[in-house]
Peer 1: 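Handing you this structure, nothing more for now.
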Amino acid sequence: MKVITFSSLILFIFLNSNTLNAQSDELDLLNVDITVNGNLLRNPLVGGLNAPQFGEADFNNDGIQDLFVFDRTGNVVLSYINEGTANQTDYIYAAQYAKLFPTLEHWVLLRDFNDDGATDIFAYSDVPGIGGVQVYEGYYEDDVLKFERFNFYNNDQNLIYAQLSAGTTEPLYMATESYPELTDIDDDGDLDFITSGYGEGYIFLYENQSVDLGFGNDSLIYNLENTCLGGAYLSGFTGCAELAPLPDSCLYGLIGGVDGGSSILMFDEDNDGDKDIFLGGLHSSSISRLRNGGNSQSIWWNEKDCNYPSYNTSTEIFNYPASFYLDMDNDGLKDFIAAPSSPYNSEDDQNVWFYKNTTSNEMPVFDYQKNTFLVEDMVDLGTGACPAFVDYNADGLMDMIVGNQGYWVSWNELGSRLFLFENIGTANTPAYELVDDDYLNMSQFSGSNWHFSPCTGDIDNDGDIDLLIGEEFGALFFIENIAGPNQAFEFAEPVFDYMDIDVGLISSPFIVDLNRDGLMDIVVGERNGFLNYFQNQGSTGNPQFESDEDIAPNNSFLGAVDTRNQFDIEGHCAPFFVDMDGEYVLFCGSRERGIIHYTNIEDNLNGAYDHVEDFYGDIKPGIRSYLTMADVNGNDTLDIMVGNRRGGLSAYSTSLPTGEISSINHPDFSIDIELLPNPTSDFLRLIISSPNNTFDKLLLSCYNNVGQQIFNEEYSGSSKNIEVSHLPTGVYFLEITKANGLKRTVKRFVKRE
């Protein structure tokens, strides 16, 4: 790694100026092996799951149903190719198919409503302020499933409209919190909508009239036929339902109904020719099954199981579970899946319950298998993931510290912590292993502090890398590294409320010498999307910061950076500065705008930065992006690790070259240095040339690729042999500083085997 400003060493990287000012291309995913609890994860960098919805579609037109996942947390589409065989689950993440889906939010249903062999999309409205349904028709092009918008010519919003009982026609209403069902409930050949009424405890039926009116099943014509389907009342107090005593009756007049909607699934569980219903409530932890004692034309829920499946292990997912019915293990039998439907305050790691169908599709019996389906194959740290690359054990390989917002424990209780992933690979092939799931015992603070956002840097200028951690309420933890230069980390006890710095909510710090005075400053992002600059006003070995961000030289609106969307109150700014060819560049994580790219940083402590682009590299991991950068695979280009609200990670290769190191010289200290041979395995020959013969009283320092000092010595002369055979394979930087320390020249070299 050549560009992260983790220490007082600033790494100057050449980058073509056209690259900095142009819109970036889509970045390639970086494949990295990751091992957790001794298991090599199959799809480690998918990004986590918090509130997933499941569907099936044949993405590549090979006749096999692949797996579609939509996570309500961040409105993210994930696509898996089904490579399993009979009785075997084998889903391989294939991000290229997810990119073919339109922008979706809140809920998504995949159905082939027109029976043309290509799956279609029914999703929550894209029209602001209207809780309706939009539709996309699927089609194949070069054996790849693609989509185009279905046009409803009878309305300007291009949404499904329904005729109400009063004769008026309005958008077919769906609450954002609902997860509706789309199925042929009356067996007439077209798909009907079943949903819960917002703020009510009743089930609504929007019947599709397409076949009845002679249009076949390729039209979507809906009437609101029933506002008390099956007669039941969904209680928001018990999480189950009260049943009507007779067919064609309704429990009108009850209060305390489901607030905000229900999740609904329907299939014929008892093989009697009509569909039963499976419900999850917003304040419930279980799935309820109501049996249809009527028929497909006259629904009557007359029997209930409030803890389905009570004959096996009942589903228990705190706060609003949803259920799904599809074949997950390629045995031809549809299985039962349950997962949280709420993106807030719900189970966030052991949260996908898989029940195997052990009998038949006609009379299914579900046997609980696990609650980590898909999650067990990825890095999922609960809610939130804030990564930071650093070489913690001084072996020359880039390790990773990741903070999370927390693991869900119970209502309003989070298990926040740091995770340490050690790089057990090589300089060219990184591979990570989780070696500590509570690094530095930070969970001890999670009762009062959470949402840990770590960064590393030599904040006290003593030659080793310290740790600074942001948290939910805007303060900072400081953890001093007392190991010394080029040693494995050894930390003192954490110090909370470092320098009394407090930016309000959700602090995300970064350590950087922004004013180029040789002392490391602190830049802190916050929930509202701004950057706060705290200038180091101390001295070497004695950092000092004024805690009030509004007192100069501090700046509470650094660069005029605002990562919010228009009309939003949250921006969740997470800064990462990079020094490119002597000019700082800012890549900033955000709530909904991905990674935002800014330039015009240098010598601009009180002006406005230039906004280059949102969604740098077309990286769209969902809400609350956090990033760290390094060259982890030794190919002289930067790689990016990105965390997100879902608690997972994703990695990308960039085309940003680490390249040759340029010289930044003071007028009174103009020298060039040459290192031969480069790369090398045994020694380096240092050759210095200077127009004014400035060869005396020089300080020669060597740093590894995270800014840890390898050696530091005074030196005079125009040439020197430097022994490097003892250094681990990797990238290093040789720095020459005049004795007065004003300016320096840096040169990069590579140590080979």
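Note that the numbering runs from 1 along the sequence shown for the chain. Keep in mind the model is a prediction, meaning the values are calculated, not measured.
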Peer 1: Working note: Leu649 + Met400, criterion side-chain contact (heavy atoms from CB on, under 4.5 Å); need CA distance, chi angles, decisive distance, verdict.
Peer 2: CA-CA 11 Å; Leu649 300 170; Met400 187 167 53; 4.0 Å; yes
Peer 1: Check whether Asp327 reaches the backbone of Asp329 with its side chain - one donor and one acceptor, N or O, closer than 3.5 Å.
Peer 2: yes
Peer 1: For the aromatic rings, using the six-membered ring if either is Trp, is the centroid distance between Phe749 and Tyr732 under 6.0 Å?
Peer 2: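 Yes, they do, as the ring centres are separated by less than 6.0 Å.
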Peer 1: Given side chain to side chain donor-acceptor pair (under 3.5 Å), test Asn82 with Asp90 step by step and report yes or no.
Peer 2: CA-CA 6 Å; Asn82 186 350; Asp90 192 3; over 6 Å; no
Peer 1: Side chains of Ser725 and Asp682: do they bring a donor and an acceptor to under 3.5 Å?
Peer 2: no
Peer 1: Do Glu83 and Tyr91 meet the criterion of a side-chain donor-acceptor pair at a distance under 3.5 Å?
Peer 2: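 Side-chain D/A pair, Glu83 to Tyr91: absent.
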Peer 1: Could you tell me which non-hydrogen atom of Pro430 sits nearest to which non-hydrogen atom of Asn633, and how far apart they are?
Peer 2: CD-CB, 3.9 Å
Peer 1: Of all heavy-atom pairs between Asn481 and Asp464, which one has the smallest distance, and what is that distance?
Peer 2: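 Between these two residues, the closest heavy atoms are O-OD2, 2.9 Å.
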Peer 1: When you compare the side chains of Thr383 and Asn50, does any donor N or O come within less than 3.5 Å of an acceptor on the partner?
Peer 2: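 Judged by distance alone, the side chains do pair up.
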Peer 1: Does either side chain, that of Thr637 or that of Asn635, offer a donor lying less than 3.5 Å from an acceptor on the other one?
Peer 2: yes
Peer 1: Can you classify the ring geometry of Phe477 versus Phe445 as parallel (below 30°), tilted (30 to 60°) or perpendicular (above 60°)?
Peer 2: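 Rings of Phe477 and Phe445: tilted, 30 to 60°.
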Peer 1: Determine whether the side chains of Asn565 and Glu592 contain a donor N or O and an acceptor N or O closer than 3.5 Å.
Peer 2: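 There is such a pair between these side chains.
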Peer 1: Give a yes or no answer on whether the side chain of Asn644 reaches the backbone of Gly47 with a donor-acceptor pair at less than 3.5 Å.
Peer 2: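 Yes, the answer is positive, given that a donor and an acceptor are paired below the 3.5 Å cut-off.
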Peer 1: Could you give me the CA-CA distance, side-chain angles and deciding distance for Asp399 and Phe389, then say whether side-chain contact (heavy atoms from CB on, under 4.5 Å) is met?
Peer 2: CA-CA 6 Å; Asp399 310 300; Phe389 282 130; over 6 Å; no
Peer 1: Is there a side chain to side chain donor-acceptor pair (under 3.5 Å) between Tyr432 and Glu422? Walk through the geometry before answering.
Peer 2: CA-CA 5 Å; Tyr432 290 94; Glu422 182 179 338; over 6 Å; no
Peer 1: Looking at Tyr584 and Asp513, would you say the former's side chain and the latter's main chain have a donor-acceptor pair under 3.5 Å?
Peer 2: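 Yes: the side chain of Tyr584 pairs with the backbone of Asp513.
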Peer 1: Mind checking side-chain contact (heavy atoms from CB on, under 4.5 Å) for Ser453 and listing every partner two or more places apart, or none if nothing turns up?
Peer 2: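 For Ser453, the residues satisfying side-chain contact (heavy atoms from CB on, under 4.5 Å) (neighbours in sequence not counted) are Cys386, Ser508, Pro509, Tyr626.
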Peer 1: Using a strict threshold of under 4.0 Å (side-chain N to carboxylate O), is an ion pair present between Arg593 and Asp614?
Peer 2: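 Looking at Arg593 together with Asp614, the answer is yes, because their closest N to O distance falls below 4.0 Å.
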Peer 1: Using only atom types and a distance under 3.5 Å, with no angle test, would you say the side chain of Thr456 pairs donor to acceptor with the backbone of Val390?
Peer 2: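 Checked: no pair found.
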Peer 1: Of the options Glu471, Glu472, Arg645, which is the one that meets Gln405 in a side chain to side chain donor-acceptor pair (under 3.5 Å)?
Peer 2: Arg645
Peer 1: Minimum heavy-atom separation for Pro621 to Val76, with atom names?
Peer 2: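 The answer is O-CG2, 3.6 Å.
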Peer 1: Backbone N or O of Phe373 within a donor-acceptor pair of the Glu376 side chain at under 3.5 Å?
Peer 2: no
Peer 1: Taking the six-membered ring of Phe615 as reference, does the cationic atom of Lys620 (NZ for Lys, CZ for Arg) lie under 6.0 Å from its centre and within 45° of its axis?
Peer 2: yes
Peer 1: Return the minimal non-hydrogen interatomic distance between Met442 and Ile469, and the atom names on each side.
Peer 2: CE-CD1, 3.9 Å
Peer 1: Show, in sequence, the C-alpha distance, side-chain angles and deciding distance for Asn404 and His451, and conclude whether the side-chain contact (heavy atoms from CB on, under 4.5 Å) test is met.
Peer 2: CA-CA 6 Å; Asn404 71 346; His451 206 302; over 6 Å; no
Peer 1: Tell me yes or no: between the side chains of Tyr652 and Ser650, is some donor less than 3.5 Å from an acceptor?
Peer 2: yes
Peer 1: Give a yes or no on whether the backbone of Val144 and the side-chain of Asp142 come within a donor-acceptor separation of less than 3.5 Å.
Peer 2: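 Flag not set: sc Asp142 to bb Val144 has no pair under 3.5 Å.
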Peer 1: Judged by modelled atom types alone, do Asp28 and Ser653 share a side-chain donor-acceptor pair under 3.5 Å?
Peer 2: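 Not at all, the side chains of Asp28 and Ser653 share no donor-acceptor pair under 3.5 Å.
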Peer 1: Can you give me the closest heavy-atom contact between Leu49 and Asn351, atom names plus distance?
Peer 2: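 Heavy atoms only, the tightest pair is O-ND2, 3.1 Å.
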Peer 1: Who are the ring pair (Phe, Tyr, Trp, His ring centres under 6.0 Å) partners of Phe68, not counting sequence neighbours?
Peer 2: Phe101
Peer 1: Taking all atoms of both residues into account, what is the closest heavy-atom pair of Leu627 and Cys588, and its distance?
Peer 2: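 It is CD2-C, 4.2 Å.
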Peer 1: Would the distance check show the side chain of Asp33 and the main-chain N or O of Ala431 forming a donor-acceptor pair, the cut-off being under 3.5 Å?
Peer 2: no
Peer 1: Please walk me through it: do Tyr439 and Phe419 pass ring-ring contact (aromatic ring centres under 6.0 Å, His included)?
Peer 2: CA-CA 5 Å; Tyr439 187 47; Phe419 301 81; over 10 Å; no
Peer 1: Starting from the C-alpha separation in whole Å, work towards a yes-or-no answer on side-chain contact (heavy atoms from CB on, under 4.5 Å) for Glu526 and His572.
Peer 2: CA-CA 6 Å; Glu526 59 176 307; His572 293 272; over 6 Å; no
